[in-house]
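The block underneath contains the structure these notes are about, expressed in structure tokens.
The sequence lines fix the lettering, A, B, ..., with proteins before strands; numbering per chain opens at 1. Since this is a predicted model, take the numbers as computed values, not measurements.
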Amino acid sequence: MTAPVTVYVPCDSAALSVGADLVAAELEAAGRPIRVVRNGSRGMLWLEPLVEVVTDRGRIGYGPVEPERVGDLVAAGLLDGADHELCQGVVDQLPWLADQTRICFARVGITDPLSPEDYLAHGGMAGLRRALARSGGDVVAEVTESGLRGRGGAGFPAGIKWKTVADTPGPDKFVCCNADEGDSGTFADRMLMEGDPFTLVEGMTIAGYAVGAQEGYIYIRSEYPDAVRTMRKAIEIARAQGWLGGDVLGSGVRFDLHVRVGAGAYICGEETAMLESLEGKRGMVRAKPPIPAITGLFGKPTVVNNVLTLASVPAILADGAPAYQALGVERSRGTQVFQLAGNIARGGVFETAFGLSLRDLVERYGGATRTGRPIRAVQVGGPLGAYVPESGLDLPLEYEAFASAGAMLGHGGIVVFDDTVDMAAMARFAMEFCAEESCGKCTPCRVGAVRGVEVIDRIVAGEDPDGNLALLGDLCELMTDGSLCAMGGLTPMPVRSALLHFPDDFTARH
Amino acid sequence: MQSPQVRLVNEIAVQFHHWAFDDAAEAIAAHIRTFWDPRMRSELLRRVETEPGELDPLALAAARLLDR
Amino acid sequence: MSLLKEHDLGTPAKPGPATVSVEVDGMPVTVPEGTSVMRAAALSGIDVPKLCATDSLEAFGSCRLCLVEIDGRRGTPASCTTPVAEGMKVRTQTPKLEKLRQGVMELYISDHPLDCLTCSANGDCELQDMSGEVGLRQVRYGYDGANHLAEKTDSSNPYFDFEASKCIACSRCVRACGEVQGTFALTIEGRGFESKVSAGGKSFMDSECVSCGACVQACPTATLQEKSVIQLGMPSRSVITTCAYCGVGCSFKAELRGTELVRMVPHKDGGANEGHSCVKGRFAFGYATHPDRVLTPMVRESISDEWRVVDWDTAISYTATRLRGIQARHGTGAIGGITSSRTTNEEVYVVQKMIRAAFGNNNVDTCARVCHSPTGYGLKQTFGTSAGTQDFRSVAKADVIMVIGANPTDGHPVFASRMKRRLREGARLIVVDPRRIDLVRSPHIQAAHHLQLAPGTNVAVVNAMAHVVLTEGLVDQEFVAQRCEDFDGWAEFIARPENSPEAVEELTGVPAEELRAAARLYATGGNGAIYYGLGVTEHSQGSTMVMGMANLAMATGNIGREGVGVNPLRGQNNVQGSCDMGSFPHELPGYRHVSDDAVRAVFEDMWGSSLLPEPGLRIPNMFDAAIEGSFRAIFVQGEDIAQSDPNTKHVTAALRAMELVVVQDLFLNETAKFAHVFLPGTSFLEKDGTFTNAERRINRVRPVMAPKTGKHEWEIVAEIAQAMGYPMRYDHPREIMAEIAALTPTFSGVSFEKLDKLGSVQWPCDEKAPEGTPIMHMDGFVRGKGRFVQTPFVPTRERSTRKFPLILTTGRILSQYNVGAQTRRTQNVAWHPEDVLEIHPHDAEVRGIGDGDEVTLSSRVGATSLRAVLSDRMPVGVVYTTFHHPVTGANVVTTENSDWATNCPEYKVTAVQVGLKHSVAPVERAAEELRVPATVD
């Protein structure tokens, strides 16, 4: 008798939200003995639930599969990779995937996220093994050489941060992973944690070894219950595997991880507010200096990196810094995991080397708007990122190019708007968002954001537009230059970009 | 009613039980000379005569050292 | 002096030498590493605008007014959070900064009531100041936007209001509550524009707030404001003086309008408190002007007569005549007096001088008899002088803090805040106390070891700790060999098996392993510092315990440098001083025995009177002698012995037996019921002189008003002495201090002029140490070598019995002070309207007592009644009460037992029974009717 067919049904919450669990159940009930593997998502969210069947030709994908259609699909030969209107062909060969350079997301969607065997079989732990064979200092040097910059948004070179922590004396140090992924239109952290949690475990362990930390925390937002569950299970498994604990991979190195769950505050994605929250305090921004690398969690030297930063590290160690460094352009090296969202035909995760143009990403891969209407603006880098007008879409996806255009890459979230968008309303929303999510510590952000909403309302209502526009300009300057952290400091970015590119939207409505 | 002086000297004496007897008696006598009003010392000496049985033997010995 | 406003440098000082040179607006300044740009600027004479920064709190960086530009750096960093770097060039005034600061102020004012002219902070408002300073001329946002103007005012605290509509959310109050006070009662609730200061979601009064006032002091606006300021207006002048409550001795700025005291503000330059205070010192001064105060002298022939108001001359000559008459009939030694630890050194000094020189005897004692006399004895025996070894600041260098028989959170709150700060920094804590005091577990603090011993077993515990140190090889051999003597005999004694933790475990109730671990921690954890209170001294072995602690400190080398030491937490403001001033019957000022001919000769020469070489009567001896008939008259300066001394029945019998009782006090207290002369005293607000606190710090007490009685207390005493035929005259208290300095080597460098110049000095202050001595025994002990004294544990005679199966121990609560004479006459009663009996739920259960039930508390000498509170802070078998309210009468039940060496009463161990009140026996009810209370310390 032939072995049962292996069928992949994603367990990523994006897939679950459109019925993946029911799909899996229906498949198992379909009559034929099959082996269902719950994988992460491939990141083609318009195809979820994307069912993959292992065939001689490769993994044949079907999607989006609604649970009620499973019976028909099986009857139509899904389990044999038969053709069907929902059949996407060999998944790996889809242009969307084939054109990506998946380093961080190399295993996401391919493996069973909680299978250590799968992980090892797909190159897992090679980076950590290689790191442990070298000195911590060498590991820091390798990360520095790779050109890896913080993927959380600030783009600070990871190696330099690590070196600061490594060079700060003290018996207690920490590695903290910021998984409080709060930006609108971003979901890569979640998908990685749900789809390949061991990569994060491995990356953090490498960081811990490199800087001399023995303990790490992953701070996950409460809106990600599945990621929390997956990470916790992964940590348990990793401990059982000897990947974590008192003797990591038999090296004698001690490192352990803990998951902490946030409580719904956007500001806790700001690294110092996250540290406060990790310490059990109110999530409020700390003034810097001192920087967390020197005075971080519980006052100890602490590496704070985003999920994607840490998840990029195993590959850098496994394949060497030059391989990573060879990717990208200018001072933006390696890959970034972009997330396409908003009014877009094909949303999802797209990992590529820096340098691709925003237009290519949005139009070629994203398929432009879902409504079919012309693109009017694209917001890059979360709710505090700039609105790029259609005319600016040729901007290369690269830190410095964006900065000089008054924009930012941020965490790689890309939200597309069609020509029906009201940009004054979007500017107002930026202020409103800031007012809603401000920690309340500094005055420009706490009071300024509220006043920002009020001033925009007055402008739109035609009340002394010149005076109020000047006031809004002053307020934006004050928030940018005077705020304590990036929350208040970046809020003017979308406002100013809207004012700059779409001034007509701010004239009075009648 | 027991004389306060007898009660006090007995309380002191018990603190010195671990000492050699003669040293203890001398230390207690010194303590009394340092801290006691003369009328209390006289009263103690009177009690030594009238009710020696009420006194801790060490207290008694110390009190007798006061009697020059 | 006009209203004193200390220059706020914005952020706290950093330790170390000034090594980093920077330029601020072209002005060079050199500061220690780590100093903020803001502080460096302030030191160079340039105050950067600020609202959230104040130099008592760590930089916070929230208001964003203090932005500066730094050459070579991007942006406009906040000067409060940016540390200096060598060669840094800072610009604090540029057009860009001006615009940003105006922008910040514009935002603030867009959400603030515009009632400056009628606001209680008008003239003392940093928000107002900053608006002026940045040149704010318009608020373009208008005043119609979202705001907090409708926020409600919380007036629940009796001393201050929280007017939330004026809050600018700078968090200074929240930070002060945590960083300075260590209570963490305040927080910011909500976020963003909804951020609000909150006392944990409750009213201030219902919250964890201990009303220390640090938040009020920190508030830059009228949001947290003294009710007195709201009612009276801004004060216009300041007088720097010293608190008259506990032995911490906080310095205050008394802020007045004319002679009306508006508020007390802790003085930043105060060595003891460095700008902090507690609810008593800051707020509870109303007793000084309470209608109960007696302001005219009164006399009467018999205690059954009515008081007769007389003028001062009459009162003084009446007193002198009767004292002399009694001496004529009953001998020179038939009279005596008691000095008060509540009065100034100068006032104490003249009383003891009057007794020794005018009365012609040594029958002088002081209320320290009933609190820290064992400290005097024990530390003198071992170290050579009767005083704590450290300054308070030393605790910041301690690594292991051992608190024995003290509850600083309540008893010495301002020192407790310092200690807690150090504990939050990571120092380890050992608590030795029968009760689970707050310190055992409080915000961000947890004791490494709580040795919950049975009351009365201190000596067994300290001996066992020393046993561990000795037998586990943890002795600091070098220190002992070089600095100490009599070690071998002590070592032989302490090593005996009966002193092992295991041997005493059953007796003390402290698990041997826990005790061993604590001893190891103290001996090996770095700087070990012992702080202790009346839970050490008020025992029949109080003196033994003091010596036991001294032994332990010497054996581990924890003496003679910062961060270590053996430190009594003194109860009363001037208990140290009253002892220093020669208040004990056997010692002249400076702890020198009356039998020392050379010393006596110096005094005789100066005083022009011959002095007796024999010790006089101690307080309990006075009572015994009064009952026996040889002691006929007493002068009592500011101590309510009928309330505060043990076995009330015995005390009142002694007072009744006397022919003349002279009471000098603020109020007609319990003792005054037995008095023939009442001489009205002065409150600390009227006094001119010095107090000496628990760290030997001599602080000036300066009058903020003339004596309400028309006479200073020292004048009264001098006039009585004069009237008795002994010439004594001073024109000013500084002359008294000059005389003290001339006679007392350890005070030889002290003068009012020096105190006014330096703020305070810690004795010894002499030629060798002209600016005083913060840490004692640095190079050698006062007595030469530190002496190990063998300290056998002799249990108290007071045992629990079938009839009295529980042990009563006593303590105090933050808001009340001692017998409550002062605090009960303030609004502090809001926190502690009555004394309650804390009883373990198990002990309550078997007696059918529920929480809040009225119960009787009886011992073999008396009974009283009070409300029971069930609490597992107490171990089974031990009950606890405070003694702040006369109606409770705790001393009706305390016994005649006392410390063997000093007769300090054994207040801390009384065998008692507790029962529901309805089951009270007739004889107990009779005793209860005495309704006379409480111990002193």
So does Glu330(A) pair up with Arg149(A), basic N to acidic O under 4.0 Å?
no
Using a 3.5 Å distance criterion without hydrogens, assess whether the side chain of Thr168(A) forms a donor-acceptor pair with backbone atoms of Pro301(A).
no
Contacts with chain A made by residues 99-107 of chain C (heavy-atom distance under 4.5 Å), listed by residue number:
Lys99(C), Leu100(C), Gly103(C), Val104(C), Glu106(C), Leu107(C)
Should the pair Glu126(C)-Arg172(C) be classified as a salt bridge under the 4.0 Å nitrogen-to-oxygen rule?
yes
Whatever's closer than 4.5 Å to a heavy atom in chain C on Arg458(A) counts as side chain
Is Glu179(C) salt-bridged to Arg175(C), going by a charged N under 4.0 Å from an acidic O?
no
Among residues 47-62 of chain C, which ones touch chain A with a heavy-atom distance under 4.5 Å?
Phe60(C), Gly61(C), Ser62(C)
Is Ile267(A) close to chain C through its backbone or its side chain, or both, or neither, when contacts mean heavy atoms under 4.5 Å?
neither
Portion of Ala265(A) that has a non-hydrogen atom of chain C nearer than 4.5 angstrom
both
What residue, out of Val450(A), Val285(A), Val453(A), Leu471(A), has the most heavy-atom pairs lying under 4.5 Å from chain C?
Leu471(A)
Is there a donor-acceptor pair closer than 3.5 Å between any side-chain N or O of Thr221(C) and the backbone N or O of Cys167(C)?
no
CD of Glu208(C): more than 12 outside heavy atoms within 6.0 angstrom?
no
Region of Ala169(C) in contact with chain A, defined by heavy-atom distances below 4.5 Å
both
Less than 4.0 Å between a side-chain N and a carboxylate O, is that true for Arg428(C) and Asp399(C)?
no
Taking atom CZ as the centre, does Arg260(A) end up with more than 12 heavy-atom neighbours from other residues, nucleotides or ligands that are less than 6.0 angstrom away?
yes
Just by modelled atom types, is the Ala273(A) backbone N or O under 3.5 Å from a matching donor or acceptor in the Glu270(A) side chain?
yes
Salt bridge (charged side-chain N to carboxylate O under 4.0 Å, His left out) between Glu477(A) and Lys96(C), intermediate numbers included
CA-CA 10 Å; Glu477(A) 184 185 335; Lys96(C) 169 152 185 95; 3.5 Å; yes
Between Thr302(A) and Leu297(A), is there a donor-acceptor pair closer than 3.5 Å when you use the side chain of the first and the backbone of the second?
yes
Keeping Arg191(C) on the side-chain end and Cys439(A) on the backbone end, is there a donor-acceptor pair under 3.5 Å?
no
So which residues of residues 478-486 of chain A are in contact with chain C at a heavy-atom cut-off of under 4.5 Å?
Leu478(A), Asp481(A), Gly482(A), Ser483(A), Leu484(A)
Measuring heavy-atom distances to chain C, does Cys445(A) have an atom under 4.5 Å in its side chain, in its backbone, in both, or in neither?
neither
Look at Gly190(C), Ala78(C), Ser171(C), Gly75(C) and state which one has the largest set of heavy-atom pairs under 4.5 Å with chain A.
Gly190(C)
Phe433(A) vs Tyr266(A) aromatic rings, parallel, tilted or perpendicular, using cut-offs 30° and 60°?
perpendicular
Report yes or no: does Asn468(A) contribute a side-chain atom to a donor-acceptor pair with the main-chain N or O of Glu463(A) at less than 3.5 Å?
yes
With a 4.5 Å heavy-atom cut-off (strictly below), which parts of residues 129-143 of chain C touch chain A? List them by number.
Arg140(C), Tyr141(C)
Does any heavy atom of chain C fall under 4.5 Å from the side chain of Met284(A), the backbone, both, or neither of them?
side chain
Examine distances only and state if a side-chain atom of Thr186(A) and a backbone atom of Gly182(A) form a donor-acceptor pair shorter than 3.5 Å.
no
Answer yes when Lys196(C) and Glu189(C) have at least one side-chain N-carboxylate O distance shorter than 4.0 Å, and no when they do not.
no
Flag yes if more than 12 heavy atoms outside Arg422(C) fall under 6.0 Å of its CZ atom; otherwise flag no.
yes
Donor-acceptor contact present, side-chain Arg221(A) to main-chain Glu181(A), <3.5 Å:
yes
Side-chain ion pair, Arg286(A) and Glu276(A), N-O less than 4.0 Å
yes
Would you find a donor on one side and an acceptor on the other, under 3.5 Å apart, between the side chain of Arg451(A) and the backbone of Leu472(A)?
no
